[in-house]
*Asks:* 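Below you will find the structure I want to go over with you.
In what follows, chains are A, B, ... by sequence order, proteins preceding strands, each numbered from 1.
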2 protein chains.
Amino acid sequence: MDKQTVTIYDVAREADVSMATVSRVVNGNPNVKPATRKKVLDVIERLDYRPNAVARGLASKKTTTVGVIIPDVTNIYFSALARGIDDIAMMYKYNIILTNSDENGRKEVQVLNTLMAKQVDGIVFMGNDISEELRKEFDRAKTPIVLAGCVDPTGQMPSVNIDYVAAVEEAVKNLIDRGNQKVAFISGSLDQPINREYRLKGYKQALKKAGLRYDEKLVFETDYSYKAGQLLQPALQAAGATAAIVGDDELAAGVMNGVSDAGLNVPDDFEIITSNDTKLTEMVRPKMSSITQPLYDIGAVSMRLLTKLMNSEPVDERTVLLPYGLMKRDSTN
Amino acid sequence: MDKQTVTIYDVAREADVSMATVSRVVNGNPNVKPATRKKVLDVIERLDYRPNAVARGLASKKTTTVGVIIPDVTNIYFSALARGIDDIAMMYKYNIILTNSDENGRKEVQVLNTLMAKQVDGIVFMGNDISEELRKEFDRAKTPIVLAGCVDPTGQMPSVNIDYVAAVEEAVKNLIDRGNQKVAFISGSLDQPINREYRLKGYKQALKKAGLRYDEKLVFETDYSYKAGQLLQPALQAAGATAAIVGDDELAAGVMNGVSDAGLNVPDDFEIITSNDTKLTEMVRPKMSSITQPLYDIGAVSMRLLTKLMNSEPVDERTVLLPYGLMKRDSTN
DNA sequence: AGTGGTTATGAAAACGTTTTCACGTTGATT
DNA sequence: AATCAACGTGAAAACGTTTTCATAACCACT
């Protein structure tokens, strides 16, 4: 009852050919006489032979597996990207090793190392910050890596994103144009470049163009959770904010419910624009207006880009920007 | 500039020992003299040697990788399970190959086969139905498989779930006790055992015990999507339902918003209990009452069970039932 | 009939580990 | 001093493929 495996050698013997020939037919190499091919195929069928991908990986130095580092699959934003990644991966016959990093730098480095040990052919990285140590590991990796929905301020790494600066600027302008003088900026940690150097920059630009003064009291730094958003309400009120641009949908839902539960009307008393356009925006009431980004596509395009890199195909744009938009729903007037 | 890899052989040479010894220190085998160990460790450090997991897998027939088949990562219910699975997997030094199946039988079989080809040490399967063909593949697999949040009516496969029959019965009873004579049953396809043989059974039992007649017109078979739920409102009204038990949270959110948008008040005109207790239940307004199940734990426990199976450890219960509950929020009175 | 170029095949060497055996050493026990 | 067990180590055989290289067979052409 031991796992008795049929090997390529068994097939070769039964079909009365060499291993090399079996390997050829299995891999669709055209240099095989049709008659031989058929003979081998028959034996494969009869013996129910299944090539061992590990042995194949060792011999060919290709595993047809790519690593995916994700902060948290449970977050709708990231799972949408992951879905795009997996679909394209499957299309190109790759499998995905998925690991949650919790945006924890140490864990990211460790995960990266085990992925390299497993000889993945490429890596898609999601996360909001690239620590120094992590960057060092990236550099030393001989494996292609692309960032998905994750900015690299230095622009060295292949990545796919939207233009966060412009998107946020447009959203904030929209809020200001409707008369909001005090627009809150709510995001995750400002240590993360995507917040500090992109979103916040867009926010400041919009203020400047509207002739408004930047006020630190309107900047709220918190973590990306529903709960955190909900708890922000008193602080928002204290700061006199009448609108907010929020960096994450779950967080935004929390903010909105916090505000509503305090008796204010959204959007009449308080307007909100969120950033990720996940399906959550349509499930809450009022539905949330949002910056629009093609989540699935960001994942899909990163994976596609990665396939090119893994294949050493020429790549025109190493850092691709996908189009964004602004979707008006019911949390703005 | 070619990927010049340091092998165990290089280390052996530099440290002036045999490969076997290097292997021993890398694997923590105690049978190595401390002095030798240090010497080897130093060389490893100096050369930055990283063991090749693929070669290791071939030689040892263990890949420390498990396959996870999931209908759709994008669904909050499943991603919560996946998170539990990954955390425990990581704890036991396993990695996860994650693939979406879309509950498509053909795809499930194909994915299963590539997982086997990749020599995964075990598999966690999520999905609502096990087709005949899939079951055949399961049987023939020499690899341990456990079902997570997925019933096997035949009880042959290891699985971890809650008692869906009892949970639904309790929820429906709760609805009936509050005077609802016409409780709708809303779920995914009744072809799926979990709906046909478990949830519906609980529903019928509750009706019977309350002396109510089972009415097919109150049974709504749809797909698990927000949209589908939203569109159900007219039919619900036509059937005269005043309450509903719903099999999925996104679906339930759709139902609730459909009902609300039609001008009815939830819970005064229409009560809803949903089934999965995902965080979505707290994000919508009103918050949804729900059957409570330990999602993360279902994933975690399945993975833990799988580790035991992979390790040929004795297992007391092959089909484990985790506790459920009923959480009253604002979609019921 | 001789030449040259495909085309089809096999032998055997990688690929980078783990693992099995056998063999010396060592130290304790009689 | 002889015996034994435990310990520490190395040689070499797996593991199941791909890939390189050589060669045989075939097929036109001159």
*Asks:* What donor-acceptor contacts under 3.5 angstrom involve side-chain atoms of residues 66-77 of chain B, with partners at least two apart or in another chain?
*Replies:*
unit_1: B:Asp72; atom_1: OD1; unit_2: A:Arg83; atom_2: NH1; d: 3.0
unit_1: B:Asp72; atom_1: OD1; unit_2: B:Thr74; atom_2: N; d: 3.0
unit_1: B:Asn75; atom_1: OD1; unit_2: B:Tyr77; atom_2: N; d: 2.8

*Asks:* With a 4.0 Å cut-off, would you call A:Arg140 and A:Glu137 a salt bridge?
*Replies:*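 Yes, this pair counts.
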*Asks:* Between B:Arg56 and B:Asn27, do the side chains contain a donor N or O and an acceptor N or O under 3.5 Å apart?
*Replies:*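 Side-chain D/A pair, B:Asn27 to B:Arg56: present.
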*Asks:* Could you check B:Val32 against B:Ala59 and say which one's nearest nucleotide on DNA chain D is further toward the 5' end?
*Replies:*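 Residue closer to the 5' terminus by nearest nucleotide: B:Val32.
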*Asks:* Answer with base, sugar-phosphate or nothing: what part of the nucleic acid does B:Val54 contact at a heavy-atom distance below 4.0 Å?
*Replies:*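 No contact.
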*Asks:* Roughly how many Å is it from CZ in A:Arg24 to P in C:dT9, rounded to a whole number?
*Replies:*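 Distance check: A:Arg24 CZ to C:dT9 P gives 8 Å.
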*Asks:* Side-chain contact test, heavy atoms from C-beta onward, threshold under 4.5 Å: evaluate it for B:Gln192 versus B:Glu103 and give yes or no.
*Replies:*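 They are in contact (side-chain heavy atoms under 4.5 Å apart), so the answer is yes.
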*Asks:* Give a yes or no on this: more than 12 heavy atoms of other residues, nucleotides or ligands lie within 6.0 Å of atom CD of B:Gln156.
*Replies:*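 Buried by this count: over 12 neighbours within 6.0 Å.
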*Asks:* Taking atom CG of A:Asp316 and atom NZ of A:Lys308, what is their separation to the nearest 0.5 Å?
*Replies:*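 Between atom CG of A:Asp316 and atom NZ of A:Lys308 there are 5.5 Å.
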*Asks:* Please report the distance, rounded to the nearest Å, between NZ in A:Lys38 and P in C:dA8.
*Replies:*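 Distance check: A:Lys38 NZ to C:dA8 P gives 18 Å.
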*Asks:* So what does A:Ser60 touch, heavy atoms closer than 4.0 Å: a base, only the sugar-phosphate, or nothing?
*Replies:*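 A:Ser60: backbone/sugar contact only, no base atoms under 4.0 Å.
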*Asks:* Categorize A:Arg37 for me: base, sugar-phosphate, or nothing, with a 4.0 angstrom heavy-atom threshold over every strand shown.
*Replies:*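 The residue A:Arg37 makes no contact with any strand.
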*Asks:* Mind checking whether B:Val26 and B:Ile44 have side chains closer than 4.5 Å, heavy atoms only?
*Replies:*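 Contact flag for B:Val26/B:Ile44 side chains = yes.
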*Asks:* Roughly what angle, to 10°, lies between the helix axis at the start of the helix from C:dA1-D:dT30 to C:dT30-D:dA1 and the one at its end, five pairs per end?
*Replies:*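 The helix from C:dA1-D:dT30 to C:dT30-D:dA1 shows an end-to-end axis angle of 50°.
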*Asks:* Please test A:Asp48 against A:Arg46 for salt bridge (charged side-chain N to carboxylate O under 4.0 Å, His left out), starting from the C-alpha separation and ending with a verdict.
*Replies:* CA-CA 6 Å; A:Asp48 190 30; A:Arg46 177 156 62 78; over 6 Å; no
*Asks:* Output the rounded distance in Å from CG (B:Asn31) to P (C:dT26).
*Replies:*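 So the two atoms are 16 Å apart, to the nearest Å.
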*Asks:* Report which part of the nucleic acid B:Val17 touches: base, sugar-phosphate, or nothing (heavy-atom distance under 4.0 Å, all strands).
*Replies:*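 The answer is sugar-phosphate, as B:Val17 gets under 4.0 Å only of primed atoms, P, OP1 or OP2.
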*Asks:* Below 4.0 Å from chain B heavy atoms, what is the first contacting nucleotide of DNA chain D and what is the last?
*Replies:*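 The contact span of chain B on DNA chain D goes from D:dG8 to D:dG16.
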*Asks:* By nearest nucleotide on DNA chain C, pick out whichever of A:Met19 and A:Pro30 is the more 5' one.
*Replies:*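 So the residue in question is A:Pro30.
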*Asks:* Given side chains that start at C-beta, do those of A:Gln293 and A:Leu322 come closer than 4.5 Å, heavy atoms only?
*Replies:*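 No, their side chains stay 4.5 Å or more apart.
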